2 protein chains.
Amino acid sequence: MQMKATVPITAAGLKTACSQCNLLELCLPFGMNDTELNRLDELVGGRRKIKRQQPLYRAGEPFEAIYAIRAGSFKTDVLLEDGREQVTGFQMTGEIIGLDGISTELHSCNAIALEDSEVCVIPYAKLEELSREIEGLQHQFHKVMSREIVRDHGVMMLLGSMRAEERLAAFLLNMSQRFTARGFSPAEFHLRMTREEIGSYLGLKLETVSRAFSRFQDEGLVAVQQKHIRILDNDGLKKLIQHQPGMR
Amino acid sequence: MQMKATVPITAAGLKTACSQCNLLELCLPFGMNDTELNRLDELVGGRRKIKRQQPLYRAGEPFEAIYAIRAGSFKTDVLLEDGREQVTGFQMTGEIIGLDGISTELHSCNAIALEDSEVCVIPYAKLEELSREIEGLQHQFHKVMSREIVRDHGVMMLLGSMRAEERLAAFLLNMSQRFTARGFSPAEFHLRMTREEIGSYLGLKLETVSRAFSRFQDEGLVAVQQKHIRILDNDGLKKLIQHQPGMR
DNA sequence: TTTTGTGGTTGACTTGGATCAACGTCAACA
DNA sequence: TGTTGACGTTGATCCAAGTCAACCACAAAA
């Protein structure tokens with residue numbers, strides 16, 4: 001299942017608004033008229049192709065633009081002085097990446113391509129300028145940032161209060177949902193990241209991730225073959241992240 | 001050390017921009033001229049006093065405004081169906097709270113006052129409108145949201161990759177820094193939250209937090225008397241969160 | 001003044017996930 | 001066609017933090 005360079009929008013209600021980045025979150029046409037929608041093309045400063053394992057940007061680099069992922073996927077991570085790595089997120093086709101840089105004008109994390117990928121470059125100055133003129137764009141941009149915050153709170157919940165299997169179940173459901181929103185089958189997908197990267201994201205070691213996958217497989221919740229995942233019992237996974245045995 | 005209703009700005013470089021919310025992050029006068037600065041008063045839709053333990057807002061309530069904390073402090077938390085609580089952040093005087101609501105028009109977490117507090121209400125529609133007119137305000141608002149994202153990534157790093165003592169050290173240094181920025185002594189402060197709330201935030205049980213405090217006390221890093229904290233060895237704490245013993 | 005309740009500390013023990021180690025699979029490449 | 005190296009799985013052991021329980025301090029209520 002190779003991801004195509006240009007993914008057609010299939011999810012209900014989505015409309016292509018930006019001819020350059022056909023899935024761009026920012027372009028979802030909320031409250032924009034046709035003239036405004038056409039102006040959105042101005043946003044895109046160009047495109048960049050990033051090879052697998054290569055950085056889109058690195059922590060400490062000056063911040064100039066955010067990026068809309070046209071094709072492929074990325075991870076963002078933060079490094080501690082002693083070498084420990086924390087993956088702070090996975091971004092897939094159609095999503096926005098690079099919001100961390102705005103506060104300090106410097107990127108605060110590394111963004112690494114998980115596969116050969118392509119992004120639309122959105123110069124931040126341009127975005128601020130246009131969103132002063134187009135109310136719908138401004139609102140949409142704020143929503144994207146806010147959604148990022150809410151998503152991070154979800155991860156904090158996961159890291160702070162859940163056990164290993166719950167974390168993995170939540171992760172799989174989240175991935176499934178995001179694939180679905182992009183028009184892929186909800187039940188079957190390829191993970192583009194390694195067990196170690198999943199582990200880092202979930203605050204677990206790779207062995208623990210591997211074992212949890214095996215247990216899910218044994219229990220008939222998912223069929224796992226390396227990076228190929230097929231969800232067999234969605235409700236079973238959901239149940240796992242709610243009431244689990246020993247909670248009083 | 002009771003926090004006064006109106007905290008004077010003492011940190012270098014800060015200037016009161018908004019007569020209503022004298023410490024409001026949004027009002028830091030970056031790139032705003034005097035006329036614009038005066039218009040910021042329009043932002044404030046009113047004030048609200050919140051008693052200790054009372055909610056400023058609750059998850060699921062419709063989102064209409066963000067809030068600038070004039071006095072006091074809050075925690076934000078998310079609840080799981082089974083009752084588990086995850087504290088996602090602590091907000092103190094001068095900080096902005098409520099950004100989580102923008103993405104869905106619904107608040108996604110609870111904001112509870114840790115002490116009797118007062119906030120300025122900033123109707124979100126008004127903020128969007130004004131920030132379309134005032135470039136400096138727009139940029140400042142984006143910075144506040146982005147900073148929130150970066151801060152959350154820091155917490156994810158903490159929850160995903162650090163051991164108990166490192167987490168508490170990072171927490172104390174962070175608190176110290178935030179108190180300092182508000183003109184208080186960097187070395188001595190009162191925590192307004194319980195051990196259980198700290199634990200929830202750090203992904204630890206209250207007993208673990210308590211023990212870590214005791215160990216810090218034994219090692220001469222801090223003087224702890226219930227909620228009164230005095231940092232004795234700042235560098236010692238910093239060292240703790242970097243190279244700790246058994247890392248290869 | 002006693003009672004009650006909330007929050008904090010400390011000790012003994014238990015355990016989930018980390019660590020250490022061996023081995024399997026597969027793709028890239030000499 | 002080996003050889004190499006990255007990635008994944010599985011087992012045995014260990015330990016940091018969770019759990020359970022006792023107790024203290026102190027403030028508010030009776």
Side-chain angles (χ1 to χ4, degrees), chain A residues 2 51-53 75 83-87 112 114-115 158-169 171 190-219 222-229 240 244-248, chain B residues 2 51-53 75 83-87 112 114-116 158-169 171 190-218 222-229 240 244-248:
Chain A
Q2 179 60 37
K51 283 263 168 227
R52 182 177 138 79
Q53 302 285 32
K75 70 170 175 182
R84 278 179 285 184
E85 178 197 35
Q86 175 69 34
V87 171
I112 313 284
L114 294 173
E115 57 192 311
L158 184 149
L159 289 170
S161 321
M162 287 179 157
R163 25 198 39 281
E165 292 198 358
E166 297 176 284
R167 294 183 199 191
L168 188 62
F171 171 74
H190 268 279
L191 297 176
R192 310 242 86 116
M193 66 295 281
T194 67
R195 298 288 187 263
E196 186 164 23
E197 286 162 335
I198 297 173
S200 170
Y201 180 61
L202 300 178
L204 302 169
K205 292 293 159 184
L206 65 142
E207 294 96 328
T208 307
V209 173
S210 181
R211 276 187 248 268
F213 268 127
S214 301
R215 240 169 293 135
F216 284 176
Q217 172 120 277
D218 293 348
E219 290 161 20
V222 292
V224 186
Q225 241 172 346
Q226 304 265 101
K227 299 195 163 170
H228 182 97
I229 306 291
L240 212 53
Q244 49 86 234
M247 290 305 302
R248 61 264 153 88
Chain B
Q2 180 60 36
K51 284 261 168 230
R52 182 178 138 80
Q53 302 284 32
K75 69 169 177 183
R84 279 179 283 184
E85 179 198 33
Q86 175 69 35
V87 171
I112 313 284
L114 295 173
E115 58 192 310
D116 294 355
L158 184 150
L159 290 170
S161 320
M162 288 179 156
R163 20 196 41 279
E165 292 199 357
E166 298 175 283
R167 295 183 199 191
L168 189 62
F171 170 74
H190 269 280
L191 297 176
R192 311 242 84 117
M193 66 295 284
T194 66
R195 298 288 187 262
E196 186 164 22
E197 287 162 335
I198 298 173
S200 170
Y201 181 61
L202 299 179
L204 303 169
K205 292 293 158 184
L206 65 147
E207 295 95 328
T208 307
V209 173
S210 183
R211 278 186 247 269
F213 268 126
S214 301
R215 240 169 293 135
F216 284 176
Q217 172 120 277
D218 293 348
V222 292
V224 186
Q225 240 171 345
Q226 305 264 101
K227 297 193 165 173
H228 183 97
I229 306 292
L240 211 52
Q244 51 86 239
M247 290 305 304
R248 62 273 158 81

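Every value quoted in this text rests on a predicted model; they were computed, and no experiment measured them. Naming convention: chains lettered A, B, ... in sequence-line order (proteins, then strands); numbering from 1 in each chain.
- Rounding to whole angstrom units, CG of residue A/L202 and C1' of C/dA18 are separated by 15 Å.
- Between B/K227 and the phosphate of C/dG7, there is no side-chain N or O to OP1/OP2 separation shorter than 4.0 Å.
- Residue B/R167 forms a side-chain contact (heavy atoms from CB on, under 4.5 Å) with just one option from B/L159, B/V209, B/I198, and that option is B/L159.
- Under the side-chain hydrogen bond (donor to acceptor under 3.5 Å, both in side chains) criterion, B/R215 pairs with B/E165, sequence neighbours left out.
- Fit an axis to the five pairs at each end of the helix from C/dT1-D/dA30 to C/dA30-D/dT1 and the two axes sit 30° apart, to the nearest 10 degrees.
- At least one donor-acceptor pair closer than 3.5 Å links the side chain of A/Q86 to the backbone N or O of A/S200.
- Under a 3.5 Å cut-off, the side chain of A/R84 and the backbone N or O of B/S161 do form a donor-acceptor pair.
- The side chain of A/L204 has C/dA18 as its nearest neighbour among C/dG8, D/dG8, C/dA18.
- Comment: B/D116 does not engage B/R52 in a salt bridge, judged by the lack of any side-chain N to carboxylate O separation of less than 4.0 angstrom.
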Base versus backbone protein contacts along nucleotides 9-14 of chain D [heavy-atom cut-off under 4.0 Å; B, S, -]: BBBB--
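- Heavy atoms of B/G203 sit under 4.0 angstrom from primed sugar atoms or phosphate atoms, though from no base atom.
- Rounded to an integer number of Å, the gap from B/R215 CZ to C/dT9 P is 13 Å.
- Not a single side chain to side chain contact (heavy atoms under 4.5 Å, CB included) links A/Q226 to another residue, sequence neighbours left out.
- Scored by the salt bridge (charged side-chain N to carboxylate O under 4.0 Å, His left out) test, B/E197 finds B/K75 as partners (sequence neighbours excluded).
- Residues forming a side-chain hydrogen bond (donor to acceptor under 3.5 Å, both in side chains) with B/E207 (at least two apart in sequence, or on another chain): none.
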